[in-house]
Enquirer: 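Structure in structure tokens, see below.
Computation of the quantities below employed the complete heavy-atom set of this structure, encompassing side-chain atoms and omitting hydrogens, waters and symmetry-equivalent molecules.
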Amino acid sequence: MISKRETDAEQRLFRIILTMAMVLVTGKALVLGTAPLDTLAVSDNDDIMRFLSVRGWLNGQGWYDMVQPRMVPPEGLDLHWSRYVDLGIALFIWPLAQVVPLTVAEQVALVAWPTLLYLVLVAMTGLAGRRLLGPIGGLAAVMAVLLWPPTGQAYFMPARLDHHNVQILLTTAMVLTLLLPGRPAPMGALGGLAGAGSLAVGLEALP
């Protein structure tokens with residue numbers, strides 16, 4: 001049987017490791033995000049299209065107008081995603097652009113947006129792991145998110161603006177509502193909202 005003292009030590013260890021993980025994620029983003037526009041230029045095509053989509057919306061393109069004129073000109077290509085992720089990114093760019101040059105605001109958003117999503121994913125997964133499996137289980141969950149290549153090295157890095165990181169976060173939230181104890185109706189509603197949100201940001205997940 002685990003003593004109370006050992007349990008308290010494990011709890012403190014979990015809090016320390018979780019804090020260190022958050023600091024690591026932030027520090028890594030700052031180091032890798034020194035030239036985010038250059039990173040974006042050689043990034044995934046969807047990240048570039050998302051960036052141009054946000055620019056188009058901030059320059060007056062309609063909320064429901066998802067045509068990207070730079071693809072298949074002159075008609076343009078009708079993108080299959082929604083503006084919900086554009087809104088999140090724009091919430092970084094527009095206020096900053098009121099006090100700093102637009103290019104600087106865009107660079108901040110390129111680093112801040114995926115990093116914020118990653119911090120939420122690490123914290124949410126770690127806390128849920130602790131709730132389900134205890135402090136050591138929470139530590140394992142944190143390390144898994146940090147070391148798994150799709151999360152630790154791909155979709156949550158600076159300049160990754162496509163909606164896949166949002167879908168990973170929302171799908172994780174949906175799964176956790178099935179695993180965590182709680183009142184069935186509120187948990188089901190939260191899970192349904194997370195699932196619907198994941199589908200709404202990019203309809204290729206619908207099937």
Enquirer: Please check if Met174 and Leu199 belong to a single hydrophobic cluster, counting links between Ile, Leu, Val, Met, Phe, Trp and Tyr side chain heavy atoms closer than 4.5 Å.
Expert: no

Enquirer: Taking the side chain as every heavy atom from C-beta outward, state whether Leu102 and Ile93 have any pair of such atoms under 4.5 Å apart.
Expert: yes

Enquirer: Ignoring hydrogens, what is the shortest heavy-atom contact between Ala105 and Ala97? Give both atom names and the distance.
Expert: CB-N, 3.7 Å

Enquirer: If every non-hydrogen atom of Ala29 is compared with every non-hydrogen atom of Val111, which pair is closest and at what distance?
Expert: O-CG1, 3.8 Å

Enquirer: How far does OG1 of Thr125 sit from CG of Leu176, to the nearest 0.5 angstrom?
Expert: 6.0 Å

Enquirer: Linking I/L/V/M/F/W/Y whenever any side-chain heavy atoms sit under 4.5 Å apart, do Leu96 and Trp94 land together?
Expert: no

Enquirer: side-chain contact (heavy atoms from CB on, under 4.5 Å) between Arg183 and Met187: does it pass, once the steps are laid out?
Expert: CA-CA 6 Å; Arg183 296 172 59 190; Met187 296 295 281; 5.6 Å; no

Enquirer: Drop me the distance from Arg70's CZ to Leu52's CG, to the nearest 0.5 angstrom.
Expert: 4.5 Å

Enquirer: How many angstroms lie between atom CD of Glu10 and atom CZ of Arg12, to the nearest 0.5 angstrom?
Expert: 10.5 Å

Enquirer: Kindly say whether Thr171 contributes a backbone atom to a donor-acceptor pair with the side chain of Ser198 at under 3.5 angstrom?
Expert: no

Enquirer: Could you tell me which non-hydrogen atom of Ala21 sits nearest to which non-hydrogen atom of Leu146, and how far apart they are?
Expert: CB-CD1, 3.8 Å

Enquirer: Run His163 and Tyr84 through side-chain contact (heavy atoms from CB on, under 4.5 Å) and show every step you take.
Expert: CA-CA 9 Å; His163 53 264; Tyr84 297 121; over 6 Å; no

Enquirer: What I'd like to find out is whether the side chain of Asn165 reaches to under 4.5 Å of the side chain of Leu121, using heavy atoms alone.
Expert: no

Enquirer: Testing the basics here: between Gly191 and Thr177, what is the closest heavy-atom pair and its distance to 0.1 Å?
Expert: CA-OG1, 3.3 Å

Enquirer: Pick one: which of Thr39, Thr115, Asp47, Asp44 meets side-chain hydrogen bond (donor to acceptor under 3.5 Å, both in side chains) with Arg160?
Expert: Asp47

Enquirer: For a quick test of reading the model, state the closest non-hydrogen atom pair linking Ala159 to Pro36 and the distance between them.
Expert: CB-O, 3.9 Å

Enquirer: Do Leu178 and Leu193 belong to the same hydrophobic cluster, where Ile, Leu, Val, Met, Phe, Trp and Tyr are linked whenever their side-chain heavy atoms lie under 4.5 Å apart, directly or via other members?
Expert: no

Enquirer: With no hydrogens and no angle check, is any side-chain donor or acceptor of Gln61 less than 3.5 Å from a backbone partner on Val67?
Expert: yes

Enquirer: What is the distance from atom CD1 of Ile136 to atom CD of Gln11, rounded to the nearest 0.5 Å?
Expert: 9.5 Å

Enquirer: Per the ring pair (Phe, Tyr, Trp, His ring centres under 6.0 Å) rule, which among Trp63, Tyr64, Phe51 passes with Trp57?
Expert: Trp63

Enquirer: Is there a path from Leu40 to Val104 through hydrophobic residues (I, L, V, M, F, W, Y) whose side chains come within less than 4.5 Å of each other?
Expert: no

Enquirer: Using side-chain heavy atoms (C-beta onward) and a distance below 4.5 Å, is Pro114 in contact with Met157?
Expert: no

Enquirer: Taking the side chain as everything from C-beta on, heavy atoms only, tell me whether Ser53 gets closer than 4.5 Å to Arg83.
Expert: yes

Enquirer: So Thr103 and Gln107, side-chain contact (heavy atoms from CB on, under 4.5 Å) or not? Walk me through it.
Expert: CA-CA 6 Å; Thr103 303; Gln107 292 184 77; 3.5 Å; yes

Enquirer: Is any side-chain heavy atom of Leu132 closer than 4.5 Å to one of Leu180?
Expert: yes

Enquirer: Of all the heavy-atom pairs spanning Ala109 and Phe92, show the shortest one and how long it is.
Expert: CB-CB, 3.8 Å

Enquirer: Side-chain contact, heavy-atom cut-off 4.5 Å: Leu119 with Thr26?
Expert: yes

Enquirer: Same cluster or not: are Leu58 and Ile48 linked, directly or through other Ile, Leu, Val, Met, Phe, Trp or Tyr residues, by side-chain heavy atoms under 4.5 angstrom apart?
Expert: yes

Enquirer: Could you check whether any side-chain heavy atom of Leu161 comes within less than 4.5 Å of a side-chain heavy atom of Val85, counting everything from C-beta outward?
Expert: no

Enquirer: Quick one: are Lys28 and Val31 in side-chain contact, heavy atoms under 4.5 Å?
Expert: no

Enquirer: With sequence neighbours left out, which residue pairs that include part of residues 125-160 fulfil the ring pair (Phe, Tyr, Trp, His ring centres under 6.0 Å) condition?
Expert: Tyr118-Phe156, Tyr155-His164

Enquirer: Quick one: CE on Met66 to CG on Leu77, what's the gap to the nearest 0.5 Å?
Expert: 10.0 Å

Enquirer: Val54 and Glu106: side-chain contact (heavy atoms from CB on, under 4.5 Å), yes or no, with the steps?
Expert: CA-CA 10 Å; Val54 174; Glu106 290 176 340; over 6 Å; no

Enquirer: Going from CD1 on Ile168 to OG1 on Thr151, what distance comes out if it is rounded to the nearest 0.5 angstrom?
Expert: 7.0 Å

